[in-house]
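A short write-up of the structure that comes next.
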Amino acid sequence: MAADRPAAARQWRRWCWWLLAGAATLAYIAHYGLTTFLQQFLNGLQIGSIYALIALGYTMVYGIVKLINFAHGDLFMFGAYIACFTGAAALGGEPFSILAFVLALVTAMAATALLGWGIERVAYRPLREQPRLSALITALGVSLLLENFFALPPEQVPWPLQHLVFGPQFIHFPDLLPVTVWQIGGVSVSSLNIVNLAVAFFLMLALEWFVQRTRTGMAMRAVALNRDAAALMGVNVNRIIALTFVIGSALGAAGGMLFALRYGTLQSPYLGVWPGLKAFIAAVLGGIGSVPGAMLGGVLMGLTETYATSINSNLGSGIAFILLIVVLLVRPAGLLGVTRREKV
Amino acid sequence: MARLTGWWRNHAPLLVTCGLLWALVKLADGSVIPAWSPLAPYRTLLANAVINIIVVSGLVLINGLCGQLSLGHAGFMCVGAYSAALLTTAFPEVAPGSFAGLLLMVAAMLVGGVMAAAVGWLVGKPTLRLRGDYLAIVTLAFAEVIRSLVRASDEFAALLTELGWPALGGLVQRVNGPRGMAALPALADFGLLCVVLFVALASIRNFIYSTHGRACTALRDDELAAGTLGVDTARYATLAFTAAAFWAGIGGALYAHLFGFIHLDNFSFLKTIDYLIYLYVGGMNSFSGVVVATGALSLLPEQLRNWGFEQWRLVVYPLVLIVLMLVRPAGLFGRREFFPLKPDKRRAGDSAGAGR
């Protein structure tokens with residue numbers, strides 16, 4: 001284990017990774033130029049902040065109940081769709097409206113939080129004492145159910161549920177905010193970039209404050225460390241777990257709305273699959289169970305993916321898996337994770 | 001008459017039964033379902049169900065026996081299908097009904113199975129030391145990587161030709177990437193499928209009730225305890241993984257030559273999900289339950305289509321999975337088996353391993 005080797009060897013390995021990263025960056029700049037590098041950095045940061053928001057949901061849920069919530073990607077999708085419909089309704093014919101933007105964001109987060117709470121209550125809570133495999137399979141089932149249910153064409157759905165399904169075709173996301181593009185030294189910075197980064201970082205800071213500086217946050221950390229001990233300390237474990245799901249789903253929904261805002265269309269109810277998978281890999285990269293880890297992992301995943309895509313589009317789609325395999329082979333606990341020795 | 005020894009003695013009943021089955025099949029006009037029977041229009045459907053049973057019975061080894069969750073089974077099927085297809089398309093002049101066709105099909109099956117097993121070994125070696133949740137994601141990732149490699153086969157072929165291996169490049173080019181391989185000879189007749197099914201079920205059942213199966217069961221129940229008792233958990237987990245990949249490869253090879261056309265989309269995550277649903281509905285610890293459930297659920301979509309509910313299959317199946325996990329996680333059969341599958345209690349001593 002890393003802790004067994006002398007400190008010098010550990011330091012040397014750490015420096016090796018930094019050197020590698022630095023060399024790769026310099027090679028990229030030398031080949032593509034500084035402006036492309038900075039432009040892709042901005043793009044990568046934007047998509048990375050979205051991945052970070054989704055990864056936070058994965059990591060919080062895993063930290064507290066040791067469950068990979070496969071359905072999280074679909075909650076992300078649900079948030080995007082709710083934001084789309086609410087935004088379109090709130091705009092009401094006007095070209096742009098900050099109020100519509102805020103309303104869409106809040107409604108999406110609230111609705112997805114409700115759905116997340118419902119899923120936890122119905123599908124995950126009864127299985128809390130069961131072997132982890134059952135909960136994992138149920139999560140898979142919930143994910144498929146959400147995707148395929150919302151992808152049913154409304155014509156084929158009987159009356160009461162007809163208005164709930166989204167249908168399989170793509171929907172145009174309303175333009176809620178005016179877009180201005182500034183050119184700073186060859187790099188185009190769009191106001192959407194700024195808004196995206198601002199919303200994402202605000203939410204992440206709020207979460208960090210909540211988890212570290214409030215009593216409820218302390219309760220969440222306690223339940224994640226040792227559920228029974230937290231219960232003995234007077235923490236209402238059920239409520240805390242439900243709250244974790246609610247917060248995670250809300251963050252995922254925010255990510256969904258930002259994602260839809262960036263790409264302008266919602267392809268289909270299956271749009272949550274790939275971002276969800278990548279965000280999970282980002283959470284693993286940062287150290288699953290660690291909130292700062294998810295943020296770091298998300299941003300790193302976004303940056304790596306953007307740079308890889310700019311080199312070769314096939315590499316871009318495969319880089320997430322390559323990253324996953326490398327992380328699990330080299331440092332399974334993740335970048336900010338703690339390697340806990342398993343006591344028998 | 002010389003006495004049979006060792007392996008031959010132990011496996012003589014299996015070989016004799018296979019031979020008799022094959023003779024029976026050949027007598028019945030080379031096909032278990034003759035043209036005049038009412039089941040004839042459903043021949044492809046039944047063949048598909050048989051292939052599903054072959055693949056899922058392999059999946060029982062990982063998910064049921066070892067208690068892991070592997071989400072990458074369709075990737076092994078993909079490897080098997082493409083390997084077998086590459087072999088058979090190299091001999092286009094072989095006629096489907098002939099003996100040469102049969103030999104070619106068996107050879108292609110074995111090639112597909114061995115290639116898939118090799119890939120399964122390569123995947124299992126580094127990943128089986130991960131915990132259950134991570135294993136699921138990593139197997140999913142590897143299945144996607146396999147599919148991406150197939151999708152990029154054109155570029156690989158060009159690369160190989162540039163590097164000076166045009167023969168290998170030509171071989172890889174025939175994989176045809178995202179366009180899929182078409183016009184594969186229809187070498188998989190139903191009789192062969194039945195024989196392969198029998199061999200698969202027999203060998204997997206024997207695996208489950210052997211010491212290897214016991215080791216895998218121990219690994220499922222408590223890995224640490226098994227390790228302290230001297231069970232080489234890594235080796236048995238890899239063994240089960242490789243065996244499951246082997247049967248998935250054979251299933252893939254048969255699939256390719258039943259439908260005559262393979263494409264990347266046939267081997268996506270959705271296919272793995274289908275297999276997982278068949279497995280869990282049947283009960284992951286009950287071998288016979290899995291067989292029955294797979295057969296029933298493979299035939300169900302056709303019936304749903306007759307009733308006009310085809311779209312709902314994608315919604316109902318996950319719902320069934322969720323309800324099953326909440327209400328009866330043991331699956332339909334629980335841990336019960338059909339009686340001939342369990343070894344004789346007198347000989348085995350205590351109650352059987354996986355079917356307990």
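In what follows, every chain begins at residue 1, and chains take the letters A, B, ... in the order their sequences are listed.
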Under 4.5 Å from any heavy atom of chain B - which part of A/V273 | neither
So CZ of A/F149 and CG of B/L319: to nearest 0.5 Å the spacing works out to 10.0 Å
Separation of B/L140 CG from A/F280 CZ (nearest 0.5 Å) | 10.0 Å
Atom group of A/L277 that falls short of 4.5 Å from chain B, counting heavy atoms | side chain
Cut-off 4.5 Å, heavy atoms of chain B, and the answer for A/L133 is side chain
Would you mind telling me which of A/L140, A/V142, A/L145 makes a side-chain contact (heavy atoms from CB on, under 4.5 Å) with B/P318?
-> A/L145
Which one of B/L321, B/I322, B/L324 satisfies the side-chain contact (heavy atoms from CB on, under 4.5 Å) criterion with A/T138?
-> B/I322
Check the surroundings of atom CZ in A/R121: do more than 12 heavy atoms from other residues, nucleotides or ligands lie under 6.0 Å from it?
-> no
Should B/F142 and A/I325 count as side-chain neighbours, where that means a heavy-atom distance under 4.5 Å?
-> yes
With a 4.5 angstrom heavy-atom cut-off, which part of A/L144 approaches chain B: side chain, backbone, both or neither?
-> both
Measuring heavy-atom distances to chain B, does A/P131 have an atom under 4.5 Å in its side chain, in its backbone, in both, or in neither?
-> neither
Could you tell me the separation between the CZ atom of A/F321 and the CD1 atom of B/I137, rounded to the nearest 0.5 Å?
-> 9.0 Å
Side chains of A/I137 and B/L276 in contact at under 4.5 Å (non-hydrogen atoms) | no
Assert top hit (heavy-atom pairs under 4.5 Å, partner chain A, pool B/A141, B/G67, B/A152, B/S148) equals B/A141
Name the region of B/Y280, side chain, backbone, both or neither, that has any atom closer than 4.5 Å to a heavy atom of chain A.
-> side chain
Taking atom OH of A/Y124 and atom CE of B/M325, what is their separation to the nearest 0.5 Å?
-> 13.0 Å
Closest contact, heavy atoms only, A/V122 versus B/L326 | O-CD1, 3.7 Å
